[in-house]
Each structure stands twice: as C-alpha cells, then as structure tokens.
Protein chains: 2
Amino acid sequence: MQLEQPTGTVFVQTTLKVLGGKWKLLILWYLKDEPKRFSELKRSIPDITEKMLMQQLRELEKDEIIVRNVRSTVPLKVEYSFSDYGTTIIPVLTPLCDWGKEHLQRINS
Amino acid sequence: MQLEQPTGTVFVQTTLKVLGGKWKLLILWYLKDEPKRFSELKRSIPDITEKMLMQQLRELEKDEIIVRNVRSTVPLKVEYSFSDYGTTIIPVLTPLCDWGKEHLQRINS
DNA sequence: AATAACACTTACAAAAAAGTAAGTACTTTC
DNA sequence: GAAAGTACTTACTTTTTTGTAAGTGTTATT
C-alpha cells in the first residue's frame, strides 16, 4: 500500500491557491517594499471594498505570507507586512510581473 | 492630459488572468513536455469535465499560449501543444511549482 | 457636541466559475 | 450492426467569489 507522492501539477496548484483570486497579488505587490496600514492599502487600491481587503489580508495571514502588527499607540495603528517566510514568494511574483508586462504589450498591438 | 502607464500591479494581474482558475495551470503542466490530444488530457486529468477542458483549452488558444492542430488522419486527431510564444510562460511556471513544493511541505508539518 | 478617521463586521445580493448530464456526428472495432 | 471511441456542444444547476451597503466601537479634530 503505497501513497502517491505529490507531483508538479499539485505544486503549481498549491501556489495558485495562495496567490489566486482578484486581489491577493495586488495586495502583496503594494506590501512587498514596505509595511502598510489597512487604510493605506485601501487608498492604494481604491476599487477594493473594505470587506474584500479584510478577507484577503486574513487569508494571507493564515497562509503566513504576511503578518499583522497592532501598534497600541495613541491612535491605534495596524500594520501589515511580509513575514520572513512570505518573502520567499517574491521570486514567484517577479516572473509573473515580467511576463504580464510582455503579454500586455503583445495584446495591445 | 497624460495617460497613466501600467504598473507592476497591472502586470501581475494580467498574468493571473491568463493562468488563473482551477484548471489552466494543470493543463499547461501536462502540455509543457509534449503535445497531447484532447482525450489524452482528459485521461491525465480525470476530474476535469469535458466541458471545462474544452473551455480552458479554447481560452488558452485565444491567449495564444497553446495551438490546436487538427491532423486529418484516418481517425481524426486533434493535438494541443505550446505555441512558440506560449513557451515564454514556462519561466513563470517553474517558480510557481518550486514555491508550491516548499509550501506543501511547510503546511504538512 | 458634531464630524471624521480607523479598523473592522455583518447580512444580503449579484456575478462569475465550475459542474451535471445529456446529446451530436463521425469512425472503428467486435 | 451494436458498442465504443473521438472531439466536441448545449441547456441547466450549483457553488464559489465578489460586491453592496450599512453598522460597530474607539479616538481625534473642529
């Protein structure tokens, strides 16, 4: 009785589960250079609703890509930033971005 | 009156539009080494319905990632394979796979 | 004292993606 | 000549994802 090992197909789909959907890549893109607060993210991505932003942040947090940092300062601030583990996904983002750029140029011609 | 240039956020989302969804990465993974016929793909991915397989193949074709080749042999055969342009997406697939593999190990521990 | 900002939460609705189940037209094998 | 394979197509339903719109409790500003 031997268990099947996961294959490449499983691996690519796993990544899509973490990065997929309409907003996650967008959020990560804005977060990758510096931590951002909830309201800053909302301003960076005006089309996202607060509900969606919240939901996607929570999921990225559960997947340990980002961390939520509450600063109990006078006006309470909540900052989201890449976790150490989360930064391992940046080498995925970069080729994704590069290809998208080429593809955009291609379809606009 | 100046038009805004697309940014990195637009680029990553463009790629997701082409690769996103439940099946496309899976299909491309099976296609990347050798051309496959419709029925071969269906056998490789038993869970996909014929409708979904057809739909996703058509979309990948429209995005010019794959090509559809009808061989007018005695039993008519239709082969799907990466286009030359389509192969430019393989450097995206590879990091996607690598990260997924690491992540799977991580969440299973 | 009213208004606004912050970081959310909730109930509900609409839209998009995926699945079900059947059928088509043709060919080959038993 | 019945059954099975190939490459699809269609109508319809279910599920998943996303959006709408309002509200909460706290603090800061005018």
Side-chain angles (χ1 to χ4, degrees), chain A residues 9-10 12-31 34-63 65-82, chain B residues 9-10 12-31 34-63 65-82:
Chain A
T9 66
V10 177
V12 285
Q13 292 208 307
T14 300
T15 309
L16 250 217
K17 269 185 205 155
V18 177
L19 296 183
K22 191 168 170 184
W23 301 113
K24 280 181 184 168
L25 284 176
L26 208 44
I27 293 169
L28 291 178
W29 193 265
Y30 280 107
L31 242 40
E34 43 180 14
K36 289 249 171 82
R37 296 172 57 190
F38 182 84
S39 51
E40 290 176 310
L41 281 169
K42 175 67 181 107
R43 272 190 293 274
S44 304
I45 314 170
D47 284 351
I48 200 172
T49 63
E50 298 193 335
K51 183 205 153 194
M52 273 294 118
L53 181 54
M54 215 43 241
Q55 206 175 90
Q56 305 301 297
L57 286 169
R58 291 245 185 279
E59 287 181 25
L60 290 167
E61 209 193 332
K62 215 186 319 175
D63 286 325
I65 308 298
I66 63 172
V67 286
R68 179 175 183 271
N69 216 282
V70 186
R71 296 234 196 120
S72 311
T73 46
V74 182
L76 132 135
K77 294 181 178 186
V78 183
E79 256 186 12
Y80 295 90
S81 54
F82 266 72
Chain B
T9 65
V10 177
V12 285
Q13 290 208 309
T14 300
T15 309
L16 249 218
K17 269 186 205 156
V18 177
L19 296 184
K22 191 169 172 186
W23 300 112
K24 281 181 184 169
L25 284 177
L26 206 46
I27 294 169
L28 290 178
W29 193 266
Y30 280 109
L31 242 40
E34 42 178 16
K36 289 250 172 78
R37 296 172 56 190
F38 181 84
S39 51
E40 290 176 311
L41 282 168
K42 175 68 181 107
R43 272 191 294 273
S44 303
I45 314 168
D47 284 351
I48 200 173
T49 63
E50 299 193 336
K51 183 205 151 193
M52 273 295 119
L53 180 54
M54 214 44 240
Q55 204 174 93
Q56 305 300 299
L57 286 170
R58 291 245 184 280
E59 288 181 25
L60 289 168
E61 210 194 330
K62 216 187 319 179
D63 286 326
I65 308 300
I66 62 172
V67 287
R68 180 175 180 270
N69 215 284
V70 186
R71 296 236 196 119
S72 311
T73 46
V74 182
L76 134 136
K77 292 180 178 183
V78 182
E79 257 187 15
Y80 293 91
S81 54
F82 267 72

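What's counted below: heavy atoms across the whole structure, side chains too, no hydrogens, waters or symmetry copies. Proteins come first, then strands; the chains are lettered A, B, ... in the order of their sequence lines, and each starts at number 1.
What separates CD1 of B/I27 from P of C/dA18 is a distance of 10 Å, to the nearest Å. Atom NZ in A/K22 sits about 10 Å away from atom C1' in C/dA15, given to the nearest Å. Residue B/Q55 contributes atom CD, which lies 14 Å from atom P of C/dT20 at whole-angstrom precision. Look at CD on A/Q56: it is 10 Å from P on D/dT17, rounded to the nearest Å. Rounded to whole angstrom, the span from the CG atom of B/L53 across to the C1' atom of C/dA18 amounts to 14 Å. Protein atom CH2 of B/W23 is 13 Å distant from nucleotide atom P of D/dT16, rounded to whole Å. Atom CG of B/L16 and atom P of C/dA17 are 12 Å apart (whole Å). The CZ-P distance, from A/R71 to D/dT27, rounds to 19 Å in whole Å.
A salt bridge links A/R71 with A/E79: at least one charged nitrogen is closer than 4.0 Å to a carboxylate oxygen.
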Item checked: Protein proximity profile, nucleotides 4-14 of chain C - base contact B, sugar-phosphate-only contact S, no contact -, cut-off 4.0 Å on heavy atoms -> --SSBSBB---

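Taken from CG in B/D63 to NZ in B/K24, the straight-line distance is 6.0 Å, to the nearest 0.5 Å. For the atom pair B/R37 CZ and B/K42 NZ, the distance stands at 15.5 Å (nearest 0.5 Å). Interatomic distance, CG of B/L60 versus CG of B/L28, reported as 5.0 Å (0.5 Å rounding).
Remark: the backbone N or O of B/Y80 is not paired with any side-chain donor or acceptor of B/K36 at under 3.5 angstrom.
Residues B/L26 and A/Q13 have side chains in contact (heavy-atom distance under 4.5 Å, counting atoms from C-beta outward).
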